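Computation of the quantities below employed the complete heavy-atom set of this structure, encompassing side-chain atoms and omitting hydrogens, waters and symmetry-equivalent molecules. Throughout, a chain's letter reflects where its sequence line sits, starting with A, and its residues are numbered from 1. All of these numbers come straight from a predicted model, not from anything done at the bench.
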There are 2 protein chains.
Amino acid sequence: MDDRRVTIDDVAKAAGVAASTVSRAFSRPGRVSFETGERIRRVAAELGYRAGSLARALPSGATSMIALAVSDITNPFYAELIKGAQAAATAAGYTILLADTQESSVYERQALDRAAPTVDGFVLTTTRMSDSAIRMLAKQRPVIVLNRIVSDVPSVITDNPRGMRRAMEHLAELGHRRVTYLSGPEASWADGMRWRSLREAALELELTVRRTGHAPPTVGGGVSGVAEFAAHPTSAVIAYNDRVAIGAIRALTARGVRVPEDVSVIGIDNIYPADLVTPALTTVAAPLAAMGRTAVGNLLAIVRGARPREHEPVVLPCRLVVRDSTGPA
Amino acid sequence: MDDRRVTIDDVAKAAGVAASTVSRAFSRPGRVSFETGERIRRVAAELGYRAGSLARALPSGATSMIALAVSDITNPFYAELIKGAQAAATAAGYTILLADTQESSVYERQALDRAAPTVDGFVLTTTRMSDSAIRMLAKQRPVIVLNRIVSDVPSVITDNPRGMRRAMEHLAELGHRRVTYLSGPEASWADGMRWRSLREAALELELTVRRTGHAPPTVGGGVSGVAEFAAHPTSAVIAYNDRVAIGAIRALTARGVRVPEDVSVIGIDNIYPADLVTPALTTVAAPLAAMGRTAVGNLLAIVRGARPREHEPVVLPCRLVVRDSTGPA
DNA sequence: ATGAAAGCGCTAACAA
DNA sequence: TTGTTAGCGCTTTCAT
């Protein structure tokens, strides 16, 4: 019934002070006498006054909201990541606005444009946007890109070289000499990065590595990757990510190839289902929650005026989780 | 560099009209001459004017944002649901604000309180709040609850009775006579609903059903459920949800019990990994995306002034997806 | 330490 | 059809 929102003026009137004083009591407690402050807080609580109104954003320009753009929220990769981001944001008094870009650069632009006037900054994950488009966006609002490097834009990435290295070492220890990389999407920055890292590691460890053609980062992508792999099989496979790896295991099993007895399979990311499939997936675990947390943390630092060293991406460590999909050659 | 936001006044000045005319050109195109409207839109585009500012929300009170509260975004159950919600919201020009309540009623209250002044409405999924708390919230802003019935608050639920019935029929056809229900959390509305539906179906089909003690809705919950189940085993099991079912399969397998040869297992929800585990899970599929879509759709209808028939929850159909975790008794 | 007044960008009366 | 004038709720000068 009583639909009217409790305003700062209501509190001011009830407390017998000016509205500006109430405002100060909340935002700059130091500038108000202790006594007055107490009284205001008490009255505000009684009246049920809520500070976080949008009106605050008008004069100051800061909304205390940040946008998190994800390409497909259905991808379990994002779950932990969002959780980490969410936690960091909440802790800092910020709210997260979700933008599902639906794997489409058109939707992505729309979503970002729509969000732009409303948020204090962006965290971009797996963008389809070009580097220059990202830089353009970054000119208007603070931006952090995740899992990609864009010059002049701060970013958070995982240590792909080290991760790929660990995977290869693991394989080498098991006696594998030749491994196949099941590629991800062509447009993926991470795919290129992983392939390069793999080749370097192969060189140092004296292994041979080849790769299949680009494929979607899904279970289906793994299936099609295996179709290609079957023409030139190797004793070990590293997949672009866990979903591809899971698809690969399925396809392999369907062909009567046993994992890990005949072929060892390694995934990347350590998403939730990795531990659930049979055999449980050996994978290079990305610090999902930490990535979300770090991205938001750094974004907020910039929002608050920090000047980031724009040319040095923050790189987070990953670790190899050995489960049951890898075995001796 | 040019940090200043393009305002409606800038456009007005550049187009040689009053600010109110520009405003009208965007919100009430009918009330502006075609010619003027065109000119304004052209100028606005040139200047890069973005309409969706927060300032709009001040006079009107409508922010075009809705909050989606989830208990744990890590739960794959939410992925499709959020996607559906997201799609419906975007289509209607609304943005989704994510509130991860972290399985805690304290955080939930905080998150909702924080979001309240900023959004036009709430979609509550798996709330920990009491019915009365929900009703209280609903007094202030439009609310839709998902998967729960709260009197006087509009809701969207799945057809649990029918779903449980299908599951029991399936089991009966396979020759099972006694089934165990692996319970979910005590506080869960859905758990009570499912158990009741199960008993009714059992009665009609002349089956016997018993249940284990309450457990968390996770893989771990399934494991502990099986520990209890082992004392009074039956040839079939229905789990509170897919995660519990997956945990149950694991625990069963670990005990040397074969699924489905020795025990048939049915899950509920049909989350993404259900199809990935071995054996693939037979499950009562909830229309996840449709739930999100419907909830948002109905919420927006209310936001726009529709008067909902508050006492009739919208019930969405579910269907049985038969995979490999069920077999003859 | 406090109050008064002037906006922030936009929309909604009310005139013209 | 268009312009003018008040605000929406809050913060921020500038006085006091």
> Between Arg50(B) and dG9(C), does any side-chain N or O lie under 4.0 Å from OP1 or OP2?
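False: Arg50(B) side-chain N/O out of range (4.0 Å or more) of dG9(C) OP1/OP2.
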> Using whole Å, report how far CG of Leu58(A) lies from C1' of dC8(C).
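About 5 Å, once rounded to whole Å.
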> Identify which nucleotide among dC8(D), dG3(D), dG9(D) has an atom closest to any side-chain atom of Thr21(B), counting heavy atoms from C-beta outward.
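Ranking dC8(D), dG3(D), dG9(D) by closest atom to the Thr21(B) side chain puts dG3(D) first.
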> Between Ser33(A) and Thr36(A), is any side-chain donor less than 3.5 angstrom from a side-chain acceptor?
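Checked: Ser33(A)/Thr36(A) side chains pair up, N/O donor to acceptor below 3.5 Å.
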> Which whole-number value in Å describes the distance from Tyr49(B) OH to dC10(C) P?
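Rounding to the nearest Å, OH of Tyr49(B) and P of dC10(C) are 4 Å apart.
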> For Arg114(B) and Thr90(A), which I'm curious about, is there any donor-acceptor pair between the side chains at under 3.5 Å?
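The criterion, which ignores hydrogens and geometry beyond distance, is not satisfied for Thr90(A) and Arg114(B).
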> Contact between Val314(B) and Thr294(B) at the side-chain level, heavy atoms closer than 4.5 Å - yes or no?
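Val314(B) reaches Thr294(B) side chain to side chain.
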> Hey, does the side chain of Ser23(A) come within less than 4.0 Å of dT11(D)'s phosphate (OP1/OP2), counting only N and O?
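Yes.
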> Identify which nucleotide among dC8(C), dG7(D), dT4(D) has an atom closest to any side-chain atom of Ala18(B), counting heavy atoms from C-beta outward.
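Selected nucleotide (nearest to the side chain): dT4(D).
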> Report yes if the distance between the aromatic ring centroids of Phe26(B) and Tyr49(B) is under 6.0 Å, otherwise no.
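Ring centres of Tyr49(B) and Phe26(B) closer than 6.0 Å.
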> Using a 4.0 Å heavy-atom cut-off across all strands, classify Val22(A) as base, sugar-phosphate, or nothing.
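Touches nothing.
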> Are any of Thr36(B)'s side-chain N or O atoms less than 4.0 Å away from OP1 or OP2 of dT1(D)?
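It does not, given that no N or O in the side chain of Thr36(B) lies less than 4.0 Å from OP1 or OP2 of dT1(D).
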> Of the nucleotides dT11(C), dT2(C), dT11(D), which has the atom closest to the Arg56(B) side chain?
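The listed nucleotide nearest to Arg56(B)'s side chain is dT11(C).
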> Counting side-chain heavy atoms from CB outward, which of dT4(D), dA1(C), dT1(D) is closest to Ser33(A)?
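The listed nucleotide nearest to Ser33(A)'s side chain is dA1(C).
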> Arg24(B) side chain: which of dG9(D), dT11(C), dA13(C) is closest?
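Nearest listed nucleotide: dA13(C).
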